[in-house]
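Each chain gets a letter, A, B and so on, in the order its sequence line appears, and its residues count up from 1.
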Protein chains: 2
Amino acid sequence: MIKTPDPPRPTDAELDILAVVWSRGPSTVRDVHDAIRRRKPAQYTTILKLMQIMAEKGLLRRDESERAHVYEPCRTKEWTRRQLAGDLLERAFGGSQANFVLGALSARKASRAELDEIRQLLDEYEKGTR
Amino acid sequence: MIKTPDPPRPTDAELDILAVVWSRGPSTVRDVHDAIRRRKPAQYTTILKLMQIMAEKGLLRRDESERAHVYEPCRTKEWTRRQLAGDLLERAFGGSQANFVLGALSARKASRAELDEIRQLLDEYEKGTR
DNA sequence: TTGACACGACGAAGACGTTCGTAGTAAAGT
DNA sequence: ACTTTACTACGAACGTCTTCGTCGTGTCAA
């Protein structure tokens, strides 16, 4: 059984691309380029090169059966988010989840609905680990 | 009134140094080097260079009145954590604080005490914004 | 068939991050 | 006085990230 090694933490530009693929599903370079272009100027070949590198790194996998290759993430959104959150949690928050949450709340004002959502999430989490 | 521009996001190596200064308070290069050395091999001049660069960037400020310069953060731990959390929140979690919290919880099992701490934090947060 | 177009491959440049060796200098010990 | 030690400063090397231009090739329409 082949154990694919964990891909490295995505860089900033790579995360932008992942965000597009997460929301769009399997995408071509053109799809991603069009999406990113809406928010900031970017050359097509820049996105292409990045996605090729991401495929090498194991962040994306690609289907070459069509002329325009179709890319999708190797790892789920949840897996990658967990890695990123865990990394920041350890490195900047000393592993304190409470401080981590406080960081998120102080970064941006949370709505009432959002707070309720978090509370519900905590309840379910506790239920699951009990 | 002079408005010092926000310093850039600290890099990985820079965050290691900030973590030391956060826990130790104002420190010399030697202090930081000794602390970091305990966890991984590092040359003294590597730490020195990094801290000099951090001072240029506005991440650290230094007091040169003593022979061994004393460094301290320009921004509070809380400010920097807020920046880092906010950055990751937007870029990897689409701004969803609930998903952000879920990421933290799934990265590492939370103890009962930690969950309670988070709940209390939510209550106080809501009280403060009401 | 030929021209316009879309696509992937590739190389290279420039910025940045990280590491370390060397040099210069002041202080402290012998 | 002289040597050793503890600092800072600096430059250089190396890798990584990001960006872009160019090339070759396949596709489609006139």
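Distance CD (B/Glu56) to P (C/dG17): 12 Å, rounded to an integer number of Å. Taking atom CG of residue B/Leu50 and atom P of nucleotide C/dG21, one finds them 15 Å apart after rounding to whole Å. One interatomic measurement links the two molecules: CZ of A/Arg67 to P of D/dG24, which rounds to 16 Å at whole-angstrom precision. Note: NZ (A/Lys40) to P (D/dT18) measures 9 Å, nearest angstrom. Taking atom CD1 of residue A/Ile53 and atom C1' of nucleotide D/dG15, one finds them 13 Å apart after rounding to whole Å. Whole-Å rounding puts the B/Glu66 CD to D/dC7 P distance at 12 Å. Between the P atom of D/dT18 and the CG atom of A/Asp16 lies a distance of 9 Å, rounded to the nearest Å. Between the NE2 atom of B/His69 and the P atom of D/dA6 there is a distance of 17 Å, given to the nearest Å.
No hydrogens or angles were tested; on distance alone, nothing pairs the side chain of A/Lys49 with the base of D/dG21 as donor and acceptor under 3.5 Å.
The phosphate of D/dC17 (OP1 or OP2) has a side-chain N or O of A/Lys57 nearer than 4.0 angstrom. Taking 4.0 angstrom as the limit, B/Arg62 places a side-chain polar atom (N or O) nearer than this to OP1 or OP2 of D/dA9. For D/dT8, the OP1/OP2 oxygens have a side-chain nitrogen or oxygen of B/Tyr44 closer than 4.0 Å. In this structure, B/Thr46 does not reach the C/dT18 phosphate: none of its side-chain N or O atoms is under 4.0 Å from OP1 or OP2.
Other residues, nucleotides and ligands contribute only 12 or fewer heavy atoms inside 6.0 Å of the CD atom of B/Glu66.
Relative to the side chain of B/Gln52, the nucleotides C/dG21, D/dT8, C/dC7 differ in distance, and D/dT8 lies closest. When distances are taken from the side chain of A/Val29 to each of C/dG17, C/dG8, C/dA6, the shortest belongs to C/dG8. Nearest to the side chain of A/Ala68, among D/dC17, D/dT8, C/dC7, sits C/dC7.
Nearest-nucleotide assignment on DNA chain D puts the 5′-proximal partner with B/Leu48, out of A/Thr45 and B/Leu48.
Of the charged side-chain nitrogens involved, none lies within less than 4.0 Å of a carboxylate oxygen, so that B/Asp34 and B/Arg24 do not count as a salt-bridged pair. A salt bridge is absent between B/Glu114 and B/Arg108: the closest approach of a Lys/Arg side-chain nitrogen to an acidic carboxylate oxygen does not fall below 4.0 angstrom.
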Would B/Glu14 and B/Arg9 count as a salt bridge (charged side-chain N to carboxylate O under 4.0 Å, His left out) here? Give the steps. CA-CA 9 Å; B/Glu14 288 167 352; B/Arg9 174 155 52 102; over 6 Å; no
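Closest of all the heavy-atom pairs between B/Leu105 and A/Gln97 is CA-NE2, 4.0 Å.
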